Amino acid sequence: MIRLGLVGYPIGHSLSPAIHQAALQACGLEGCYSLFAVHPDEATGLSDLVTRMRAGKLDGLNVTIPYKQRMIPLLDELTPTARAIGAVNTIYRRDGMLVGENTDAPGFLADLQRFMPPTRRAVVLGAGGAARAVTYALWRSNCAVYVTARRLHQARELARVFQGINPMEFSAEALEATECDLLVNATPVGMFPNIEDSPWPAGLRIPPSTSVYDLVYNPPETRLVSEARSGGSRATGGLGMLVEQAALAFELWTEEKAGREVLMETIGQGAR
Ligand code: NAP
């Protein structure tokens with residue numbers, strides 16, 4: 001019996017239980033995936049879960065907002081990816097140690113590779129946690145990366161950590177002047193319930209040669225994705241990355257590989 005779960009707050013609408021239950025079933029494993037909604041005011045909530053994992057009462061844990069950074073001091077080791085990004089979304093046990101990993105970065109890259117040919121110049125909108133994982137993944141792939149944030153100092157901080165990244169103003173003028181073959185939305189703009197919002201400046205055209213990857217997955221087709229497609233661009237939402245980061249975590253916990261197509265079908269998405 002494999003006991004897995006997700007800690008965060010709020011997490012009531014998470015798709016992770018459905019994805020991991022499907023993965024367990026597809027691999028013929030008995031287990032469960034629980035949601036641990038730990039309110040930020042709960043002093044021992046996180047450490048209690050870590051204690052349970054050390055005692056073998058939990059076999060794997062996903063971590064989401066607001067604990068991706070706060071979890072780090074409670075762990076024994078970080079993978080190089082998690083250390084570079086400064087955030088963990090997956091915890092697993094190896095040789096009695098608790099190891100923190102970040103599967104968002106390889107999850108994004110794996111789905112991006114299915115979505116489009118190798119990208120050479122990318123613009124990332126936003127400079128929060130997800131932007132950090134995406135920027136790291138692109139930077140490691142030798143792609144030129146432009147990070148734009150409404151608070152420019154956030155983008156500059158990313159450029160300090162990942163040398164060679166270009167911070168830029170979040171303005172229509174700056175975006176229009178920056179040619180790229182990939183645009184990534186790593187802000188929550190357009191996410192349910194604000195589905196009429198788009199992070200892209202009104203009136204500014206996305207060139208058809210620019211592909212658009214929106215990390216937002218609820219709704220599956222955001223306004224940004226829909227407008228990019230109407231303008232002739234290749235565009236996708238974030239469900240592929242969500243499934244991929246989950247599948248990579250599942251592999252770390254169980255050493256089993258779950259078919260991505262089965263997991264996509266579980267959350268109502270067929271082939272793209
Ligand atoms: P986060 O750490 O809060 O960062 C959000 C970033 O977006 C910040 O730079 C923030 O700037 C910026 N932002 C917020 N509202 C904005 C606006 N109206 N205009 C311009 N910039 C704005 O959040 P996160 O964890 O990075 O998540 C971002 C999105 O990615 C969420 O929708 C999340 O669900 C999605 N995500 C998807 C996956 C996946 O697997 N598909 C994985 C991770 C995250 P300020 O700091 O100035 O607010």
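Small disclaimer: the values here were computed from a predicted structure and weren't measured. One-based numbering, in listed order, for ligands and for the atoms of each.
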Phe170 and ligand 1 - part of the residue with a heavy-atom distance under 4.0 Å: side chain

Considering only protein heavy atoms, determine whether one is less than 4.0 Å from atom 3 (O) of ligand 1. no

Run the side-chain hydrogen bond (donor to acceptor under 3.5 Å, both in side chains) test on Asn62 and Ser16 for me, step by step, so that the C-alpha distance in whole Å, both residues' side-chain angles and the decisive distance to 0.1 Å come before the verdict. CA-CA 9 Å; Asn62 278 139; Ser16 295; 4.8 Å; no

Among Ala155, Gly238, Pro188, the residue with a heavy atom nearest to atom 5 (C) of ligand 1 is Pro188

Within the structure, is a non-hydrogen atom of Ala149 found at a distance of less than 4.0 Å from ligand 1? no

For Gln154, the atoms of ligand 1 under 4.0 Å from one of its heavy atoms are 8 (C), 9 (O), 11 (O), 46 (O)

pair Asp59-Trp253: side-chain heavy atoms closer than 4.5 Å: no

Which atoms of ligand 1 sit under 4.0 Å from any heavy atom of Ile65? 25 (O)

Mind checking whether Val189 contacts ligand 1 via backbone (N, CA, C, O), side chain (CB onward), both or neither, at a 4.0 Å heavy-atom cut-off? side chain

What are the atoms of ligand 1, with element, lying closer than 4.0 Å to any heavy atom of Ala127? 9 (O)

Quick one: sort the His39 and Tyr9 rings into parallel, tilted or perpendicular, breaks at 30° and 60°. perpendicular

I need the atoms of ligand 1 closer than 4.0 Å to a non-hydrogen atom of Met191, numbered in the order shown. 32 (O), 34 (O)

Straight-line distance of Leu4 CG to Leu24 CG, nearest 0.5 Å: 6.0 Å

Under a 4.0 angstrom heavy-atom cut-off, which atoms of ligand 1 come close to Val216? 32 (O)

Which residue and heavy atom of the protein sit nearest atom 28 (C) of ligand 1, plus the separation: Ala186 O, 3.5 Å

Hey, are Asp76 and Arg94 close enough for a salt bridge, meaning a charged N less than 4.0 Å from a carboxylate O? no

Is it true that Asp181 and Thr119 share a donor-acceptor pair across their side chains at a distance under 3.5 Å? yes

Nearest non-hydrogen protein atom to atom 37 (C) of ligand 1, with distance, is Leu215 O, 3.3 Å

Considering all protein heavy atoms, does one lie under 4.0 Å from atom 33 (C) of ligand 1? no

Aromatic plane relationship, Phe162 with Trp139 - under 30° parallel, 30 to 60° tilted, over 60° perpendicular: tilted

Pull out every atom of ligand 1 sitting under 4.0 Å from any heavy atom of Ala130, numbered as shown with elements. 24 (P), 25 (O), 26 (O), 27 (O), 30 (O), 43 (C), 44 (C)

Just to confirm my output: which protein heavy-atom neighbour is closest to atom 42 (C) of ligand 1, and how far is it? Met241 CE, 3.6 Å

